Q: 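Sharing a structure with you now.
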Amino acid sequence: MRLITLCLSIGLASLAVPTAVIAADWNNGDGGMKDYRASGVPVPAPIPYAETFKWYLRADVGLGVTTEPSVKETGVAYGIYRDPADGPAFGSSPSWFTTDFDFFAQGGVGVGAYITPQLRADVTVDARTKSSINSDATYSYMVDPGAGNPATLRADGIVSDRTDVRSTVMLANVYWDIGGRGSAFMPYVGVGVGAAVRTMERDYSAGERLYDTTTVPETYSGSGVRYFGHGKAHQLAPAVAVTAGLGYALSSGMVLDLNYRYTYIGAADFGSSVNFSPANPSGVSTAVSRMTVGDTQEHALRAGVRWNVW
């Protein structure tokens, strides 16, 4: 019985001593954690970023704002009945158009490779939500009396023009992982070059009606011309991007990627056929209207995941 009591006393004493030391260390801000590690008890550590992988896949989503592009249309002449004394026929004015490019959402995928402990590269494809260009313009002018018309006729015109623009950006990117891989948090910077496919679909209609200004109220003369057309095209434009971000290793095979990306997309244009009904006074029944959309600059905040696959 005495032997058992002695053994129990020694065991309790051996447990009490390290417990008291650890408690003292936690209350001492100078060397507690160092002694805690020295005691042999494991300390929680960040998940390391795996350095053995060579390839990765990625998926990203984001929200951004963009500058409004310039818009220009050429090829359609209005004022076809105009009195030459008042000037020649005229084209559309840039002030006729309004654009809706302010905000966009985007989503994309990519595949990349680790080149060195600090250098990696990938190829990405990102699609943006639709933007639009609209025109609702009106104009008036006096009709040429020399064409057999009375000098009192006035032409009133209206233009309705709708163009939807969708952009898909393809980039080859190179990134520099600051400090190299091997820690949970990894800031980086990168640049990319490539091209944007701008898909533009346009619905266009316009018309002029002639009114007799000598009557009260003015009466429609029954004459005029109608313009109408539809077109769709895919145009390539240059694209350049600069990225700054932060990677966080969720596990050895998965990295959360938060970043800011600036993207420049160059101008693009396309032509669509416009029909006149009836033919204009010169006998022309069709024309090609060319819509030019200027360059844009995008600023986007993005979140994504990179999967280390091999």
Side-chain angles (χ1 to χ4, degrees), residues 56-74 94-95 97-113 115 118-135 162-178 186-202 231-247 257-271 290-306:
Y56 64 86
L57 302 176
R58 69 179 302 154
D60 303 271
V61 295
L63 295 173
V65 296
T66 182
T67 58
E68 298 289 348
S70 60
V71 177
K72 182 176 66 174
E73 184 277 333
T74 57
S95 63
F97 296 95
T98 60
T99 58
D100 182 16
F101 279 69
D102 290 342
F103 298 96
F104 66 90
Q106 69 175 73
V109 294
V111 58
I115 301 172
Q118 288 184 282
L119 188 66
R120 58 186 170 88
D122 60 33
V123 176
T124 58
V125 178
D126 298 278
R128 281 115 172 96
T129 51
K130 179 185 69 176
S131 301
S132 61
I133 302 169
N134 300 312
S135 175
R162 302 285 182 269
T163 302
D164 292 335
V165 181
R166 293 177 172 84
S167 297
T168 300
V169 179
M170 301 169 290
L171 294 170
N173 308 281
V174 176
Y175 308 95
W176 183 259
D177 292 320
I178 301 171
M186 182 171 38
Y188 68 87
V189 293
V191 296
V193 295
V197 178
R198 282 191 157 172
T199 301
M200 296 177 280
E201 185 169 8
R202 184 185 182 197
K232 184 176 182 179
H234 306 278
Q235 294 291 324
L236 277 178
V240 179
V242 178
T243 306
L246 176 68
D257 192 322
L258 304 174
N259 64 78
Y260 157 80
R261 172 171 281 182
Y262 163 84
T263 307
Y264 166 85
I265 301 177
D269 64 3
F270 77 107
R290 184 160 293 276
M291 178 75 73
T292 301
V293 181
D295 56 9
T296 57
Q297 300 181 58
E298 299 179 351
H299 304 272
L301 295 177
R302 309 176 341 132
V305 176
R306 303 199 306 263

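As a basis for the values below, the full set of heavy atoms in this structure was taken, side chains included, without hydrogen atoms, waters or symmetry mates. Predicted model, so just to flag it, every value in this text is computed and none were measured.
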Q: Can you see which heavy atom on Ile178 is nearest to which on Gln118, and at what distance?
A: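 Scanning both residues completely, I find the closest heavy atoms to be C-NE2, 4.3 Å.
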Q: Does either side chain, that of Arg120 or that of Tyr188, offer a donor lying less than 3.5 Å from an acceptor on the other one?
A: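 The answer is no; no qualifying pair exists.
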Q: Just wondering, are more than 12 heavy atoms of other shown residues or ligands nearer than 6.0 Å to OH in Tyr262?
A: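 For Tyr262, atom OH is crowded (more than 12 foreign heavy atoms under 6.0 Å).
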Q: Measure from the side-chain N and O atoms of Thr67 to the backbone N and O of Gln297, and report whether any donor-acceptor pair falls under 3.5 Å.
A: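 It does hold such a pair.
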Q: Test of understanding: with side-chain hydrogen bond (donor to acceptor under 3.5 Å, both in side chains), list the residues that count as partners of Gln235, not counting sequence neighbours.
A: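 side-chain hydrogen bond (donor to acceptor under 3.5 Å, both in side chains) check on Gln235 returns nothing, list empty.
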Q: Compare all side-chain heavy atoms of Arg261 with those of Val169 and state whether any distance is below 4.5 angstrom.
A: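 No, every pair of side-chain atoms sits at 4.5 Å or beyond.
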Q: Show your reasoning for whether side-chain contact (heavy atoms from CB on, under 4.5 Å) applies to Met291 and Met200.
A: CA-CA 9 Å; Met291 178 75 73; Met200 296 177 280; 5.6 Å; no
Q: Could you state the interatomic distance from CG (Asn134) to OG1 (Thr163), rounded to the nearest 0.5 Å?
A: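 Between Asn134 CG and Thr163 OG1, I get 8.0 Å after rounding to 0.5 Å.
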Q: Output the distance between atom CD (Glu298) and atom CD (Gln106), rounded to the nearest 0.5 Å.
A: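 So the CD of Glu298 and the CD of Gln106 are separated by 7.0 Å.
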Q: Are a donor atom and an acceptor atom from the side chains of Glu68 and Thr99 found within less than 3.5 Å of each other?
A: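 Yes.
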Q: Heavy atoms only: give me the nearest Gly112-Asp122 pair and the separation to one decimal.
A: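 Answer, listing the atom of Gly112 first, then Asp122: CA-CB, 3.4 Å.
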Q: Do you know the tightest heavy-atom contact between Ala267 and Ala237?
A: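 Between these two residues, the closest heavy atoms are O-CB, 3.7 Å.
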Q: Are Tyr175 and Leu119 side-chain neighbours, meaning at least one heavy-atom pair lies under 4.5 Å?
A: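 Side chain of Tyr175 against side chain of Leu119, heavy atoms only: no contact under 4.5 Å found.
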Q: With a 4.5 Å heavy-atom cut-off, do Phe101 and Pro69 have their side chains touching?
A: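 A side-chain contact under 4.5 Å exists here.
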Q: Rounded to the nearest 0.5 Å, how far apart are CZ of Arg128 and OG1 of Thr296?
A: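 The distance works out to 8.5 Å.
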Q: How long is the straight-line distance from CG of Leu258 back to CG of Asp60, given to the nearest 0.5 Å?
A: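 Nearest 0.5 Å value for the CG-CG distance: 10.0 Å.
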Q: Let's go through Thr168 and Val125 carefully: what are the C-alpha distance in whole Å and the side-chain angles of both, what is the deciding distance for side-chain contact (heavy atoms from CB on, under 4.5 Å) to 0.1 Å, and is it a yes or a no?
A: CA-CA 7 Å; Thr168 300; Val125 178; 3.8 Å; yes
Q: Locate the shortest heavy-atom distance separating Ile115 from Ala121; write the atom from each residue and the value.
A: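 Ile115 and Ala121 have their closest heavy atoms at CD1-CB, 4.0 Å.
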Q: Does the side chain of Asp100 reach to within under 4.5 Å of the side chain of Ser131, using non-hydrogen atoms?
A: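 Asp100 vs Ser131: side chains apart.
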Q: Restricting to non-hydrogen atoms, name the atom on Ala300 and the atom on Phe104 that form the minimum distance, rounded to 0.1 Å.
A: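 Nearest heavy atoms, Ala300 then Phe104: CB-CZ, 4.2 Å.
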Q: Dump the intermediate steps for side-chain contact (heavy atoms from CB on, under 4.5 Å) on Thr66 and Asp102, then the final yes or no.
A: CA-CA 5 Å; Thr66 182; Asp102 290 342; 6.0 Å; no
Q: Any donor-acceptor pair under 3.5 Å linking the side-chain atoms of Thr124 with those of Asn173?
A: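 Distance-only check passes for Asn173 and Thr124.
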Q: Would Asp126 and Arg302 pass as an ion pair if we require N to O under 4.0 Å?
A: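 The answer is yes: the pair qualifies as a salt bridge.
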Q: Provide the closest heavy-atom pair for Leu246 versus Pro187 in the form atom of the first, atom of the second, distance.
A: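 Leu246 and Pro187 have their closest heavy atoms at CD1-N, 3.6 Å.
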Q: Can you spot which of Arg290, Lys72, Arg198 makes a salt bridge (Lys or Arg N to Asp or Glu O under 4.0 Å) with Asp269?
A: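 Considering Arg290, Lys72, Arg198, a salt bridge (Lys or Arg N to Asp or Glu O under 4.0 Å) with Asp269 is found only for Arg290.
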Q: Report the residues that fulfil side-chain hydrogen bond (donor to acceptor under 3.5 Å, both in side chains) with Ser70, sequence neighbours left out, ordered by chain and then residue number.
A: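 Checked Ser70 against side-chain hydrogen bond (donor to acceptor under 3.5 Å, both in side chains); zero matches.
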